[in-house]
Student: 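Right, I'll just put the structure down here and ask away after.
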Amino acid sequence: MVSQRIMGKAAFAHIEDGSGRIQIYLKRDVLGERVYDELFKKLVDLGDFIEVTGPMFATRTGEVSCEARALHFLSKTLNPLPDKWHGLKDVETRTRQRYVDLLANPEVREVFVKRARIVSAIRRYLDSNGFLEVETPVLQPIYGGAAARPFTTHHNQLDQELFLRISFELYLKRLIVGGYERVYEIGRDFRNEGISFKHNPEFTQLEFYEAYTDYNGMMRRVEEMICAVAEELNGQLKLTYDGNEIDLTPPWKRITMRDAICDATGIDYTLYSDATSLMQAIRARGLRYEPKASRGKLIDGLFGDYVEPTLIQPTFIMDYPIDISPLAKKKADDPTTVERFEYFIAGMEMGNAFTELNDPIDQRARFVELNAAMAGEDENVHPLDEDFLHALSFGMPPTGGFGTGIDRLTMLFADRQTIREVILFPHLRSLD
RNA sequence: GGGCGCGUAGCUCAAUUGGCAGAGCAGCGGCCUUUUAAGCCGCGGGUUUAGGGUUCGAUUCCCUACGCGCUCACCA
């Protein structure tokens with residue numbers, strides 16, 4: 001029961017369940033003193049579960065209602081529901097006690113229905129395009145596939161240190177080596193990094209890998225998949241996010257990172273082959289930069305500051321600097337650049353893809369280079385995944401790979417501006 | 001982790017320069033047989049996040065702790 005209006009010897013109330021909300025009408029004449037006064041008026045509170053049976057009728061205002069001939073008590077609430085008009089607004093209570101949030105705010109329930117539909121539409125798209133859904137280890141002896149710091153845990157019997165995965169990438173590529181030509185996984189990644197409006201320590205990732213294609217093929221694949229989701233969810237390719245109308249109709253804009261940065265800042269980073277000269281160019285224009293950054297990070301910084309926020313309509317940013325992309329294949333005509341794209345919608349990075357690096361010798365060299373660079377920057381050096389390199393040495397076909405955050409996709413489709421609104425139980429500090 | 005801001009009744013929010021801590025909803029009692037944010041009359045409800053300090057007097061000013069938010073950093 002979610003509302004009541006008692007008028008002496010008769011009362012109206014609304015009851016609600018998953019199928020909807022309906023008004024009930026209770027009269028002492030009909031129910032008798034025991035049920036009407038002693039049970040309904042005295043004992044039944046808002047939030048209690050009751051069962052009512054009786055004929056349907058329309059009130060003076062035409063609302064379809066049920067005239068209670070019998071009333072049964074089903075279940076009791078001990079706590080009052082939040083304010084019936086204002087609902088529950090306090091962000092901390094809403095996330096710590098999501099059950100109350102869901103109970104009090106129906107639009108919150110809608111978000112997670114939408115989220116489930118997105119995941120199910122993605123599965124339907126990939127399944128019907130010949131992709132095989134697989135499950136790879138969450139507990140990994142060596143973590144890799146991304147730059148994040150991992151959570152660490154321990155297996156008691158084996159007395160072995162294990163890491164919660166930061167990405168699925170290296171395992172899914174092993175499966176491409178194994179002969180599956182189209183694989184995908186939807187699951188949880190864990191990254192021991194800062195929490196923000198678009199970061200939660202655990203988040204849901206989709207990765208898929210497709211043999212005999214490259215990042216150009218992946219771009220078409222991504223357009224097609226996201227549009228299939230939009231069609232299934234909304235029946236159209238336009239949506240509104242944070243007040244901006246966004247049109248998903250393909251083809252999406254494609255622009256190289258070099259051109260995008262050049263347009264936004266006037267700096268053509270290909271004219272500066274090292275961090276020092278690039279830094280001078282940035283300083284000369286009075287732009288922001290991180291003094292200790294490598295050349296790749298400077299480029300990434302320019303992009304993040306001056307380009308990313310402007311990418312409201314769906315956009316593929318192509319061709320990344322090699323030193324921030326150790327798992328992507330070099331461009332044939334430019335050894336400083338890789339065949340990689342990220343796609344952006346509503347000013348947010350939504351996903352990442354490459355033509356996968358399938359040369360085991362180059363891959364080893366790139367890992368070694370990266371670790372040398374990271375050691376120079378005093379960062380955590382990733383352990384070398386020898387088994388992954390061993391896998392590549394059995395031959396991996398040319399392959400395109402792609403990863404995207406389900407949480408951010410849900411933010412986009414549900415028009416939520418923080419990730420905590422699309423995760424049922426986002427991480428919060430414990431109360432002691 | 002840094003900076004800034006916030007924390008008042010079960011919920012949503014007030015409180016003047018530092019001067020008796022309030023309202024609506026919810027709850028309790030009463031009236032009310034077509035209401036729907038029902039209405040009317042009455043009542044109860046607070047360690048103002050916690051602890052300390054300044055002051056005759058602190059929700060208000062200061063310090064510390066806790067939590068949350070925004071933001072920066074981190075996130076190949």
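Below, read A as the first sequence line, B as the second, and so on, with proteins coming before strands; counting in each chain starts at 1. What you see is a predicted model; the values in this text were computed from it and never measured.
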Student: If you check the A/Gln23 side chain, which of B/C72, B/U33, B/U36 turns out closest?
Tutor: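 For the A/Gln23 side chain, the nearest candidate turns out to be B/U36.
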Student: Does any N or O donor sit under 3.5 Å from an N or O acceptor when you compare the side chain of A/Gln4 with the base of B/U36?
Tutor: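 Answer is no: no donor-acceptor pair is held.
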Student: Using side chain to side chain contact (heavy atoms under 4.5 Å, CB included) as the criterion, point out the one residue from A/Leu71, A/Leu43, A/Leu39 that pairs with A/Ile50.
Tutor: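 Per the side chain to side chain contact (heavy atoms under 4.5 Å, CB included) rule, the option paired with A/Ile50 is A/Leu71, out of A/Leu71, A/Leu43, A/Leu39.
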Student: I'd like the C1' distance from B/G18 over to B/A37, given in whole Å.
Tutor: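 One C1' to the other, the span is 38 Å.
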Student: Where do A/Leu357 and A/Met396 come nearest, in terms of heavy atoms and distance?
Tutor: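 Where A/Leu357 meets A/Met396 most closely, the heavy atoms are O-CE, 4.1 Å.
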Student: Kindly point out which of B/U36, B/C28, B/C70 is positioned nearest to the side chain of A/Arg420?
Tutor: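 Between B/U36, B/C28, B/C70, the one nearest the side chain of A/Arg420 would be B/C70.
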Student: Taking the six-membered ring where the residue is Trp, are the ring centres of A/His390 and A/Phe394 under 6.0 Å apart?
Tutor: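 Yes - the distance between ring centres of A/His390 and A/Phe394 falls below the 6.0 Å cut-off.
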Student: Answer with base, sugar-phosphate or nothing: what part of the nucleic acid does A/Arg28 contact at a heavy-atom distance below 4.0 Å?
Tutor: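 Since no nucleic acid heavy atom lies under 4.0 Å of A/Arg28, the category is nothing.
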Student: Tell me whether the side-chain N or O atoms of A/Arg5 pair up with the base of B/U35 as donor and acceptor below 3.5 Å, since no angle test is needed here.
Tutor: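 In this structure, the two groups form a donor-acceptor pair.
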Student: Work out how far the P atom of B/U16 is from that of B/G22, and round it to whole angstrom.
Tutor: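 Result for the P pair: 13 Å, nearest Å.
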Student: In the strands shown, is B/G39 matched to any nucleotide by a Watson-Crick or G-U wobble pair with both distances under 3.5 Å, and which?
Tutor: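 Paired with B/G39, as far as the under-3.5 Å criterion goes, is B/C31.
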Student: If you only use heavy atoms from C-beta on, which nucleotide in B/G67, B/U35, B/U33 is closest to the side chain of A/Thr59?
Tutor: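 When the side chain of A/Thr59 is considered, B/U35 is the closest of B/G67, B/U35, B/U33.
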Student: Could you measure between the two C1' atoms, the one in B/G5 and the one in B/A21, and give it in whole Å?
Tutor: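 Nearest-Å result for B/G5 against B/A21 at atom C1': 24 Å.
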Student: Please check if the distance between the ring centroids of A/Phe168 and A/Phe208 is under 6.0 Å.
Tutor: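 No; A/Phe208 has its ring centre 6.0 Å or more from that of A/Phe168.
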Student: Sort out the partner of B/U16 for me: Watson-Crick or G-U wobble, both distances under 3.5 Å, none otherwise.
Tutor: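 B/U16 is unpaired by these criteria.
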Student: Considering only side-chain heavy atoms of A/Arg149, which listed nucleotide, B/U33, B/C74, B/C25, is closest?
Tutor: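 Comparing B/U33, B/C74, B/C25 against the side chain of A/Arg149, the answer is B/C74.
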Student: Do A/Ser3 side-chain and B/U36 base share a donor-acceptor contact under 3.5 Å?
Tutor: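 Side chain to base: no pair present.
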Student: Taking the nucleotide of RNA chain B with the nearest heavy atom to each, does A/Glu193 or A/Arg429 sit closer to the 5' end?
Tutor: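 With A/Glu193 and A/Arg429 compared, the 5'-side residue is A/Arg429.
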Student: Could you identify the nucleotide paired to B/C6, looking across every strand shown and requiring Watson-Crick or G-U wobble geometry with both distances under 3.5 Å?
Tutor: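 Paired with B/C6, as far as the under-3.5 Å criterion goes, is B/G67.
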Student: Which listed nucleotide (B/U34, B/C32, B/U33) is nearest to the side chain of A/Ile6?
Tutor: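 In terms of side-chain proximity for A/Ile6, the closest of B/U34, B/C32, B/U33 is B/C32.
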Student: Within this structure, what is the NE2-to-P distance between A/His199 and B/C74, rounded to whole angstrom?
Tutor: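 My rounded result for the distance is 11 Å.
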Student: How long is the span from the CE atom in A/Met350 to the OG1 atom in A/Thr315, to the nearest 0.5 Å?
Tutor: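 Spacing of CE (A/Met350) from OG1 (A/Thr315) equals 12.0 Å.
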Student: What is the separation between atom CZ on A/Arg60 and atom P on B/U36, rounded to the nearest whole Å?
Tutor: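 Interatomic distance, CZ of A/Arg60 to P of B/U36: 10 Å.
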Student: For B/U71 and B/U17, measure between their P atoms and round to the nearest Å.
Tutor: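 Each nucleotide's P atom is 31 Å from the other's.
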Student: Could you let me know what B/C61 is paired to, Watson-Crick or G-U wobble, both distances under 3.5 Å, or none if it's on its own?
Tutor: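 WC or wobble partner is B/G53.
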Student: In whole Å, measure the gap between the P atoms of B/C75 and B/C13 for me.
Tutor: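 Those two atoms are separated by 37 Å.
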Student: Rounded to the nearest angstrom, tell me the gap between atom CD1 in A/Ile24 and atom P in B/A38.
Tutor: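 Taking atom P of B/A38 as the reference, CD1 of A/Ile24 is at 14 Å.
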Student: What one-letter contact string describes nucleotides 2-11 of chain B from 5' to 3', where B marks a base within less than 4.0 Å of any protein heavy atom, S marks contact via sugar-phosphate atoms alone, and - marks no contact?
Tutor: --------SB
Student: Round to the nearest Å and state the distance from A/Asp101 atom CG to B/U12 atom C1'.
Tutor: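 Interatomic distance, CG of A/Asp101 to C1' of B/U12: 15 Å.
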Student: Rounded to whole angstroms, how far apart are CD1 on A/Ile22 and P on B/U36?
Tutor: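 Distance check: A/Ile22 CD1 to B/U36 P gives 18 Å.
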Student: Starting the side chain at C-beta, find the nucleotide from B/G69, B/U33, B/C25 nearest to A/Val91.
Tutor: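 The nucleotide sitting nearest to the side chain is B/G69.
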Student: Rounding to an integer number of angstrom, what distance separates B/G10 and B/A26 when you compare their C1' atoms?
Tutor: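 Looking at atom C1' only, B/G10 and B/A26 are 7 Å apart.
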Student: Given B/G67, B/U36, B/C75, identify the nucleotide with an atom nearest to the side chain of A/Glu92.
Tutor: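 Within the option list, the nearest is B/G67.
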Student: Is there a Watson-Crick or G-U wobble partner for B/G24 with both distances under 3.5 Å, and if so, which one is it?
Tutor: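 When the pairing criteria are applied, B/C11 turns out to be the nucleotide that pairs with B/G24.
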Student: Quote, to the nearest angstrom, the C1' distance that separates B/A14 from B/U33.
Tutor: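 Those two atoms are separated by 38 Å.
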Student: For the side chain of A/Thr61, starting at C-beta, report the closest nucleotide among B/U33, B/G69, B/U36.
Tutor: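 Minimum distance to the A/Thr61 side chain belongs to B/U36.
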Student: Quick one: CZ on A/Phe341 to CG on A/Asn352, what's the gap to the nearest 0.5 Å?
Tutor: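 Reported to 0.5 Å precision, the distance equals 8.0 Å.
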Student: So if I apply the side chain to side chain donor-acceptor pair (under 3.5 Å) rule between A/Glu202 and each of A/Arg191, A/Arg188, A/His427, which one comes out positive?
Tutor: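 Output: one option passes, namely A/Arg188.
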Student: So A/Arg21, base contact, sugar-phosphate only, or nothing? Heavy-atom distance under 4.0 Å.
Tutor: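 If one applies the 4.0 Å heavy-atom cut-off, A/Arg21 turns out to touch nothing in the nucleic acid.
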Student: Separation of A/Lys9 atom NZ from B/U33 atom P, in whole Å?
Tutor: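 A/Lys9 atom NZ is separated from B/U33 atom P by 5 Å.
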Student: If you measure from the P atom in B/C11 to the same atom in B/A58, how many Å do you get, rounded?
Tutor: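 Taking atom P in both B/C11 and B/A58, they lie 26 Å apart.
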Student: Once you apply the 3.5 Å cut-off to both distances, tell me the Watson-Crick or G-U wobble partner of B/G44, or none.
Tutor: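 In the structure as shown, B/G44 has no Watson-Crick or wobble partner.
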Student: Could you tell me whether A/Phe163 and A/Tyr143 have their ring centroids closer than 6.0 angstrom?
Tutor: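 Ring-ring flag for A/Phe163/A/Tyr143: true, centres closer than 6.0 Å.
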Student: When you measure from the side chain of A/Leu46, which nucleotide among B/C68, B/G27, B/A37 comes out closest?
Tutor: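 Shortest atom-to-atom distance from the side chain points to B/G27.
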Student: When the distance from CG of A/Leu428 to P of B/C66 is rounded to whole Å, what number comes out?
Tutor: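 Answer to the nearest Å: 16 Å.
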Student: Measure the spacing between CD of A/Glu181 and OG1 of A/Thr213 and express it to the nearest 0.5 Å.
Tutor: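 Interatomic distance, A/Glu181 CD to A/Thr213 OG1, rounded to 0.5 Å: 12.0 Å.
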Student: What contact category does A/Ala146 fall into here, base, sugar-phosphate, or nothing, at under 4.0 angstrom with non-hydrogen atoms?
Tutor: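 Contact class for A/Ala146: base.
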Student: I want to check a possible cation-pi pair here: A/Arg174 against A/Tyr171, using under 6.0 Å from ring centre and within 45° of the ring axis as the test.
Tutor: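 A/Arg174 over A/Tyr171 ring: yes.
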Student: Rounded to whole Å, please give me the gap between CG in A/Asn200 and P in B/G69.
Tutor: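 It is 11 Å, rounded to the nearest whole Å.
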Student: So what does A/Gly301 hit on the nucleic acid, given a heavy-atom distance under 4.0 Å: a base, only sugar-phosphate, or nothing?
Tutor: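 No contact.
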Student: Could you point out which residue of A/Asp83, A/Leu103, A/Asn105 forms a side chain to side chain contact (heavy atoms under 4.5 Å, CB included) with A/Leu88?
Tutor: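 Exactly one pass, corresponding to A/Asn105.
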Student: Let me spell it out: for each of A/Thr418 and A/Asp305, pick the nucleotide of RNA chain B with the closest heavy atom. Which residue's pick is nearer the 5' end?
Tutor: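 Checking each residue's closest nucleotide, the 5'-ward one belongs to A/Thr418.
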